[in-house]
Amino acid sequence: MMRSRFQHGLDELKERLLEMGGMAETAVEMAAESYRKRDGRLAQQVFERERMINQSERTIDEMAVDLLAMQQPMATDLRFVLAVLKINADLERVGDLAVNIAQRSLDLMQQPEVDVPVDIARMTTAVSTMVRRALESFLSAKAEVAQAVLEMDSIVDRMKDEAFVNLVAQMKRNPERVRCYLDVLLIARSLERIADHATNIAEDVIFWVSGADVRHNVRL
């Protein structure tokens, strides 16, 4: 009976975290759309979504700590609860970074539209894919899916580096547009940081499933 109650708690914890992950993923996509469409309403929806993410983070933390205190799990179950606590924090940061993108998008809407030599849509697709696959690896408990996320991180890093080089060059050529280019650079930086958090989630899944710590060595 006690094990059944504990298992139910683990299942509920997993379900809550996946719900929060869905909210975080949607927030990123909405923030990027607010940039692409210059749509202030989408940006405001990101702010509302972030409040929901923050509330979820608090609820999940409380649930996880209660399970640790009351059940004292061992082995795989203990690694699962610890992974949930860490993933929960990463998802909250993803929500914060989505807000950063939305804020920069709102700032861009106050300025004349300019051509930008950075494919934010392509970068967003790559980052969203990383977040989605990281959550899929958590849902399926498959370390190989998580490993694929780790291998995508370098792609996003290269995109961010290219964005930095191109935007700095544009700032030098068009100093009157520095604010616009800086906003886009900060959006690219936020996307790159979201990819880092997706990588953290994948690493935590690998730790939960296999017990391997791959934070400083991405190969299983």
Side-chain angles (χ1 to χ4, degrees), residues 17-57 90-136 149 152-202:
L17 191 69
L18 288 169
E19 288 176 0
M20 181 179 174
M23 287 191 287
E25 182 185 349
T26 300
V28 173
E29 292 171 350
M30 289 169 61
E33 277 291 281
S34 74
Y35 163 79
R36 188 176 70 82
K37 295 181 177 179
R38 296 174 70 88
D39 188 336
R41 290 173 300 178
L42 282 173
Q44 292 300 327
Q45 289 178 38
V46 174
F47 304 148
E48 293 167 9
R49 186 63 56 98
E50 194 245 355
R51 286 193 287 272
M52 295 167 61
I53 291 170
N54 289 344
Q55 179 59 53
S56 290
E57 183 202 22
D90 277 303
L91 289 173
E92 190 275 334
R93 285 295 298 135
V94 169
D96 288 344
L97 289 162
V99 166
N100 291 350
I101 294 170
Q103 288 171 334
R104 299 278 62 80
S105 298
L106 286 174
D107 191 57
L108 281 164
M109 292 171 209
Q110 308 304 313
Q111 305 169 60
E113 194 166 0
V114 296
D115 289 332
V116 178
V118 177
D119 194 343
I120 292 294
R122 178 169 166 262
M123 194 172 181
T124 301
T125 298
V127 169
S128 294
T129 299
M130 288 181 67
V131 174
R132 188 177 309 114
R133 288 185 181 172
L135 292 170
E136 287 171 0
V149 175
M152 291 182 66
D153 191 46
S154 60
I155 296 172
V156 176
D157 285 343
R158 284 197 298 271
M159 289 181 182
K160 190 267 293 181
D161 290 342
E162 290 172 6
F164 179 83
V165 170
N166 291 334
L167 289 165
V168 169
Q170 287 294 99
M171 290 179 194
K172 290 177 180 177
R173 282 194 289 266
N174 303 286
E176 73 281 2
R177 295 283 185 256
V178 164
R179 183 172 168 181
C180 292
Y181 296 128
L182 182 59
D183 278 335
V184 178
L185 181 57
L186 291 172
I187 288 172
R189 172 59 177 158
S190 291
L191 287 169
E192 188 261 342
R193 289 294 297 130
I194 291 169
D196 288 343
H197 287 291
T199 297
N200 292 347
I201 293 169

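The chain is numbered in sequence order, starting from 1. All values below were derived from every heavy atom in this structure, side-chain atoms included, with hydrogens, water molecules and symmetry-related copies excluded. Remember, it's a predicted structure, so these values are computed and weren't measured experimentally.
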Engineer: Is it true that atom CZ of Phe164 has more than 12 heavy atoms of other residues, nucleotides or ligands lying nearer than 6.0 Å?
Structural biologist: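 No, not enclosed.
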Engineer: Under the side-chain contact (heavy atoms from CB on, under 4.5 Å) criterion, do Leu186 and Leu182 qualify, and how do the steps go?
Structural biologist: CA-CA 6 Å; Leu186 291 172; Leu182 182 59; 4.3 Å; yes
Engineer: Do any pairs count as a salt bridge (charged side-chain N to carboxylate O under 4.0 Å, His left out) and have a residue in residues 165-175, sequence neighbours left out, and if so which ones?
Structural biologist: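 Those involving residues 165-175 do not exist here.
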Engineer: For Asp153, check salt bridge (Lys or Arg N to Asp or Glu O under 4.0 Å) against everything at least two apart and list the hits.
Structural biologist: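 Partners of Asp153 by the salt bridge (Lys or Arg N to Asp or Glu O under 4.0 Å) criterion come out as none, since no residue qualifies.
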Engineer: Can you tell me how far OG1 of Thr124 sits from CG of Leu191, rounded to the nearest 0.5 angstrom?
Structural biologist: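 The CG atom of Leu191 sits 4.5 Å away from the OG1 atom of Thr124.
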Engineer: Does Ile155 reach the side chain of Met159, with side-chain heavy atoms less than 4.5 Å apart?
Structural biologist: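 Yes; the side chains approach each other to less than 4.5 Å.
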Engineer: Just to verify, what does Asp119 make a salt bridge (Lys or Arg N to Asp or Glu O under 4.0 Å) with, not counting sequence neighbours?
Structural biologist: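 With neighbours one apart ignored, the set is empty.
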Engineer: Using the side chain to side chain donor-acceptor pair (under 3.5 Å) criterion, which residues pair with Asn200? Sequence neighbours excluded.
Structural biologist: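 Listed in chain order: Asp90.
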Engineer: Give a yes or no on whether Arg133 atom CZ has more than 12 heavy-atom contacts from other residues, nucleotides or ligands under 6.0 Å away.
Structural biologist: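 Not buried by this count: 12 neighbours or fewer within 6.0 Å.
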Engineer: Under the rule for side chain to side chain contact (heavy atoms under 4.5 Å, CB included), what residues qualify as partners of Glu162, not counting sequence neighbours?
Structural biologist: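 Side chain to side chain contact (heavy atoms under 4.5 Å, CB included) check on Glu162 returns nothing, list empty.
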Engineer: Nearest heavy-atom pair of Ala134 and Ile201: which atoms, and what distance?
Structural biologist: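 Nearest heavy atoms, Ala134 then Ile201: CB-CG2, 3.8 Å.
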Engineer: Salt bridge (Lys or Arg N to Asp or Glu O under 4.0 Å) with Arg122: which residues, sequence neighbours excluded?
Structural biologist: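 Counting only residues at least two positions away or on another chain, Arg122 forms no salt bridge (Lys or Arg N to Asp or Glu O under 4.0 Å).
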Engineer: Sequence neighbours excluded, which residues qualify as side chain to side chain donor-acceptor pair (under 3.5 Å) partners of Arg49?
Structural biologist: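 None.
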Engineer: Residues in side chain to side chain contact (heavy atoms under 4.5 Å, CB included) with Glu50, at least two apart?
Structural biologist: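 Listed in chain order: Asn54, Asp96, Val99.
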Engineer: State the CG-CD distance between Leu18 and Glu25, to the nearest 0.5 angstrom.
Structural biologist: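 It is 11.0 Å, given to the nearest 0.5 Å.
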Engineer: Looking only at heavy atoms, what is the nearest atom pair of Ser56 and Met23, with distance?
Structural biologist: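 Smallest heavy-atom distance, with atoms named: OG-CE, 3.1 Å.
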Engineer: Tell me every residue that passes side chain to side chain donor-acceptor pair (under 3.5 Å) with Arg36, counting only those two or more places apart in sequence or in another chain.
Structural biologist: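 So Arg36 forms a side chain to side chain donor-acceptor pair (under 3.5 Å) with Glu33.
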Engineer: Sorted by first residue and then second, give each side-chain hydrogen bond (donor to acceptor under 3.5 Å, both in side chains) pair with at least one member in residues 176-195; sequence neighbours left out.
Structural biologist: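 Qualifying pairs, neighbours excluded: Arg104-Asp183, Asp107-Arg179, Gln111-Asp183, Gln170-Tyr181, Arg189-Glu192, Arg193-Asp196.
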Engineer: For Glu29, what residues pass the side chain to side chain donor-acceptor pair (under 3.5 Å) criterion, not counting sequence neighbours?
Structural biologist: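 With neighbours one apart ignored, the set is Arg132.
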Engineer: How far does CZ of Arg158 sit from CE of Met123, to the nearest 0.5 angstrom?
Structural biologist: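 One finds 12.0 Å between CZ of Arg158 and CE of Met123.
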Engineer: List the atom of Leu167, the atom of Pro117, and the distance in Å for their closest heavy-atom pair.
Structural biologist: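 For Leu167 versus Pro117, the nearest heavy atoms are CD2-CD, 4.2 Å.
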Engineer: Say you draw a straight line from CE of Met20 to CD of Gln55; how long is it, rounded to the nearest 0.5 Å?
Structural biologist: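 CD of Gln55 is found 10.5 Å from CE of Met20.
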Engineer: Would you please name every residue forming a side chain to side chain contact (heavy atoms under 4.5 Å, CB included) with Ala202, sequence neighbours left out?
Structural biologist: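 Side chain to side chain contact (heavy atoms under 4.5 Å, CB included) list for Ala202, sorted by chain: Ala146, Val149, Leu150.
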Engineer: So how far is it from Ile101 CD1 to Leu106 CG, rounded to the nearest 0.5 Å?
Structural biologist: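 Output value for this atom pair is 12.5 Å.
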Engineer: At their closest point, which heavy atom of Ser34 faces which heavy atom of Leu42, and how far apart are they?
Structural biologist: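 Heavy-atom minimum between the residues: CB-CB, 3.7 Å.
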Engineer: Enter the distance from Lys160:NZ to Leu185:CG here, rounded to the nearest 0.5 Å.
Structural biologist: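 Result: 8.5 Å between the selected atoms.
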Engineer: So which heavy atom on Val127 is nearest to which on Ala195, and how close?
Structural biologist: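 Shortest heavy-atom separation between Val127 and Ala195 comes out as CG1-N, 4.1 Å.
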Engineer: Which heavy atom of Met152 sits nearest to which heavy atom of Ala126, and what is that distance?
Structural biologist: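 It is CE-O, 3.8 Å.
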